[in-house]
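All heavy atoms count here, side chains included; hydrogens, waters and symmetry mates do not.
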Amino acid sequence: MRNPTMSKNPVDTPPASPGAMSFSSRARTVSLACATVVLALLLSHGTMLVRQPVSPDILFLFLPNAAFLREQLLGGALPLWNPLLLAGHPFLAELQTQVLYPPSLLFLLGSPERVLGPFLFAHLVWLGLGTWRLARYSGASRRAAVLAGLAAGLSPLAVEHYAHPNMLCGLSWVPWVWGSGRLLARRPNRRGMVLLGVLVACSVLAGSPELTLLALAGLGVCLWKRTRWTLGAVALGAGLSAATWIPFLELLVRSDRGAGIGTGEATSFALSPAEVLDLALPFVRFGADRTGAQSFQSVLFVGASILLLAAFGLWRRKGLAAVCVVLVVLALGDSGGLFTGFHRWVPGASLFRFPIKFLSPLPVLLALALASGYSAWERGRQPTTRRPGAVFAMVCLLGACGLAVADAGAGWAVSLAWVGLMGGGLLASRRLTPGRRGWVVAAVIVIECAVFQQGVGTLANRSGGPPCRPSPAFRPEGRVAYDIDWGRVDLAHRAEACEVGVPNANMAGGFAALEGFVVPAPAYVKRLVREEPERAAALLGASVVVVDDEAKRAAYPGEVLFQNGSYVALRLGRPGRAMLESGGERLEVEPEVDTPSRLAFVLPRGGERLTVRDAWFPGWEAEADGRPVSLLEVEGLRSIPLQGAERRVELHYRPGSFRTGLTVSLVSLVVLGLLWFLGARSMPNGRLLVSQEGVGKGVPR
C-alpha cells in the first residue's frame, strides 16, 4: 500500500509552517510573496506614486502639518509647538501630526506634495504584506496567504483611506500586531514580546487611536491565554511611544473633547441600514449620498470577488464572522443600537465619533477569512457544488431584494451583472489545478479592484493631478486668518484653494483644523474664530485674511494681496506680536527671537504687563531679566505681569508631559535592548510547527 505521507499531490500536502522551512526555501517564499503583492499594487495603484491624492483632510490638515514638520526637522528642531495654527497650538501632542512616527522621515526627501503619494502607497503595501504574514501565522497555505495580502491591499474599502492618511497608516499596522500576537501565543519568548511591543508602539505613533485600540482588542483575543506576555508587550509598546501619548493626554484633558462628545455629534457619519448593501454591490449607492464635500467614506465597496471568496472562510470560522457582524452593527450608529450603548457606558468611548470608522478593519478580517476558506479548498475540503452556488444565489437574491426596496435605478443591473461575472469566474476555477486556480483567483481580484478603483471608485475620486502649489502672487508675511465657508472648499474648488496657499503651514485661523481628533485649545480662541473672525484676526495678530465673498470682504478694510474666482486675500495692518501696557498706554512690540518654542523680547521701556498674541497653554514658562515670572491667561492669550524695570522677557515651551514621556521612552528603549539580548541567549532550538488540524485556529501541534 502506498504510504500516504509520501503523496506528492499538492492538495493533500499540509501547508508548511514558516518555522519548519529551510532558510533558503523560506527566503524564496517570502521574496515571491512580497514581489507578488508589490507588483499587484503597482498595477492597481501605480498612478498614486506621481499624482497627489486629494481630500479636505489632506489639503487642510495633513499637508500643512507635513510641511511644518519638514521645515522644523530640516532646521534641526523638534516641533513641540506650532505658532501658525490658531494662536498657537501643541504640535507633537496631536497624534495626527506623526512627529515621532519613523516613516515621517520620508518627508525630508522632498516637498510633502511630492512625497505624499509614495508615502501612502508604501503603507498600502505594508498593509498587504502584514495581512500575508498574519494569514501564514493563522495556518493558511502559501497561495492562500498571498491572496489574502492581495485582498487587503487592493480592497476599495482600504484604498478609500487615501483620503485619511493617519487612518491608512494606522490600518497598515493592524495585521502586523495581530500576526505577531499569533506567533507569540504559540511560541512565547522574549524576542517575540519585544517585536510585538515595537509594533504596538508604531501603531500608536501612526496617529489613529481608534485603529490602535481595535488592534489591541484583537491582540487580546490572540493572547488571552498568555496574559504575562500580552501585558509585557503592551507595556513595552506604551513605554516606547510615551513621548507622544503622554503629551496627547494632557492636550486631551484641556480640550473641548475632554468632557466627551454628545451622542448626536458622535453618531454623525454612521452607516445607514440601506448602505450595508454598498459593501457587496459596486455600482449602486444606497441611503445617504457620501460623495459631497463633507463626506467621510465615499466608497464602501469591499470587493465582490473578495467577499465571495471570504464567504466559505466565514462559514468555517464562526468567531471571525461574529466579529465582522459586530463591527458592521457598530458602524450603524443609532440604527444598530450597539454603538449608542458603547458610547454611553464604556469608559473613554465618549471621546470618539464617526461610527463608520468601525468598518476600517474589515479588509483585513475578510482577507483572513478568504485565506482560511481557500486553504481548506486546496486541501480537498472543497465545498460541494451546491454550497458555493447557494451562497452565490443568496448574495444575488439579497442584492436584488435590496435594490428593489431602495429603488436604486438602472445601476442595479450593472451591479448584479458584475457580481455574477465575479462569482462565475471563481466557480469556474474549481476545475483547475491548485496552482492555476491560484493564478486565476489572483487575476480576478486584481482586475476587479483595478477596474473599480481606477474607473468609478476610490482613486478616480481621490486623484488630484499634479502637486498643489500656492500662487506666486500670494506671499503672506505672518499669520493668515481664513474666513471661509469650508463646506464649499471641496474637490471642485481645489485649484482655487491651492492658489491662496491653503496647503501651506500658514493656518492661523484655519477652521478645518478644528475637525481634528482633539479640538484645539483654548476653547475661547476656537469660539472667537468661528463667531467673530474679524476680531479674532486682530486679536491673534493676523497680517492677511482670506475671504470668500463680498459681504465678508467689506468687514476687512485692507489692500487686496491676491484674488481669483473664488477667494480674495487682503493685507491687514500687521500688529506686533506682543503689547506692552503701561499707564493705560499700549505699545506694539516685535520679538528679537521668534521660533516655535522660544520667544525673546527686548523692551524699549518698563511696563506693567506684556501680552503676547499667542495661546496660553501649560508648558510655557517666562523669564524677565533672567528670573522666572508667572504666566497668566488673558482672553486665551499669554500675559506676563511686570514690575516696570524689566528690559528682556523670554518665553520657552518646555512641557513637563513631553519630558516625562521622553524619559519613559528612553528607559523603555534600554529595556527593549536588554530583553532582545537576553532573548537571544534563552531562544529554544525547536521549530514552530502548525498542525493541519489546527489550521486557522491557532492550535500548535
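Residues Phe62 and Leu116 are in side-chain contact: their nearest non-hydrogen atoms beyond the backbone lie under 4.5 Å apart. Within the 4.5 Å cutoff, the side chain of Leu327 has no heavy atoms near those of the Leu359 side chain. Here the side chains of Trp178 and Leu365 are in contact, with some heavy-atom distance below 4.5 Å. Two residues are said to be in side-chain contact when any heavy atoms from C-beta on lie closer than 4.5 Å; Leu249 and Ser657 fail this criterion. Contact of the Tyr162 side chain with the Ile58 side chain is not registered, since no non-hydrogen atoms from C-beta on lie closer than 4.5 Å. At a threshold of 4.5 Å between non-hydrogen side-chain atoms, the residues Ile445 and Leu309 count as touching. Counting heavy atoms from C-beta on, the side chains of Phe312 and Tyr374 never come closer than 4.5 Å. Taking the side chain as every heavy atom from C-beta outward, Leu41 and Leu154 approach each other to under 4.5 Å.
The shortest heavy-atom contact between Ala215 and Val177 is O-CG1, 4.1 Å. The two residues Arg182 and Ser138 come nearest to each other via the heavy atoms NE-OG, 3.5 Å. For the residue pair Ala201 and Leu240, the shortest heavy atom distance occurs at CB-CB, 3.7 Å. In this structure, Ser665 and Ala243 approach most closely via the heavy-atom pair OG-N, 3.0 Å. Scanning all heavy atoms of the two residues, the minimum distance from Leu214 to Pro361 falls at CD1-CG, 3.5 Å. Closest non-hydrogen pair, Ala206 versus Trp173, comes out as CB-CD1, 4.1 Å.
Taken from CG in Leu171 to CD in Glu160, the straight-line distance is 12.5 Å, to the nearest 0.5 Å. Taking CG of Leu332 as the reference point, atom CG of Leu338 lies at 9.5 Å (rounded to 0.5 Å). Rounded to the nearest 0.5 Å, atoms OG1 (Thr660) and CD1 (Ile246) are 6.5 Å apart. Taken from CG in Leu271 to CG in Leu330, the straight-line distance is 11.5 Å, to the nearest 0.5 Å. His161 NE2 to Leu124 CG: the interatomic distance, rounded to the nearest 0.5 Å, is 11.0 Å. Remark: Thr244 OG1 to Leu205 CG distance equals 5.0 Å, nearest 0.5 Å.
Cation-pi check for Arg191 over Trp676 is met; the charged atom lies under 6.0 angstrom from the ring centroid and within 45 degrees of its normal.
Scanning for ring-ring contact (aromatic ring centres under 6.0 Å, His included) contacts around Trp245 gives an empty result, with sequence neighbours left out. Judged as a side-chain contact (heavy atoms from CB on, under 4.5 Å), and not counting sequence neighbours, the contacts of Ala151 are Ile306, Ala367, Leu370. Residues passing the ring-ring contact (aromatic ring centres under 6.0 Å, His included) test with Phe119, sequence neighbours excluded: Phe107, His123. Pro175 is linked by a side-chain contact (heavy atoms from CB on, under 4.5 Å) to Leu127, Thr131, Leu134, Val364, counting only residues two or more places apart in sequence or in another chain. For Phe658, there are no ring-ring contact (aromatic ring centres under 6.0 Å, His included) partners, not counting sequence neighbours. Ser180 meets the side-chain hydrogen bond (donor to acceptor under 3.5 Å, both in side chains) test with Arg133; sequence neighbours excluded. With sequence neighbours excluded, the residues forming a side-chain contact (heavy atoms from CB on, under 4.5 Å) with Ser104 are Leu69, Gln98, Tyr101, listed by chain and number. Not a single side-chain hydrogen bond (donor to acceptor under 3.5 Å, both in side chains) links Tyr653 to another residue, sequence neighbours left out. For Ser203, the side-chain hydrogen bond (donor to acceptor under 3.5 Å, both in side chains) criterion is met by Thr212, not counting sequence neighbours. Under the side-chain hydrogen bond (donor to acceptor under 3.5 Å, both in side chains) criterion, Gln72 pairs with no residue at all, not counting sequence neighbours. Applying the salt bridge (Lys or Arg N to Asp or Glu O under 4.0 Å) test to Arg659 and every residue at least two apart in sequence or in another chain returns nothing.
Checking side-chain atoms of Ser372 against main-chain N and O of Gly313 turns up no donor-acceptor pair under 3.5 Å. Using a distance-only test at 3.5 Å, with no hydrogens or angles considered, no donor-acceptor pair links the side chain of Arg190 to the main chain of Leu674. Arg186 places a side-chain N or O within 3.5 Å of a backbone atom of Tyr137 that can act as its donor or acceptor partner. Remark: the backbone N or O of Gly207 is paired with a side-chain donor or acceptor of Asn166 at under 3.5 angstrom. Here the side chain of Ser155 pairs no donor or acceptor atom with the backbone of Ala152 at under 3.5 angstrom. When atom types are taken as modelled, the side chain of Thr97 and the backbone of Asn65 share no donor-acceptor pair closer than 3.5 angstrom.
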Apply side chain to side chain contact (heavy atoms under 4.5 Å, CB included) to Leu366 and Leu314, showing your working.
CA-CA 8 Å; Leu366 291 177; Leu314 293 175; 4.1 Å; yes

Given Leu49 and Leu42, is the side chain to side chain contact (heavy atoms under 4.5 Å, CB included) satisfied, shown in steps?
CA-CA 9 Å; Leu49 293 174; Leu42 274 173; 3.7 Å; yes

Side chain to side chain contact (heavy atoms under 4.5 Å, CB included) between Leu307 and Leu279, intermediate numbers included
CA-CA 9 Å; Leu307 193 59; Leu279 298 172; 5.7 Å; no

Trace of the side chain to side chain contact (heavy atoms under 4.5 Å, CB included) decision for Val200 with Leu236
CA-CA 8 Å; Val200 170; Leu236 184 60; over 6 Å; no

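Listed by first and then second residue, the salt bridge (Lys or Arg N to Asp or Glu O under 4.0 Å) pairs that reach into residues 161-181 come to none, sequence neighbours excluded.
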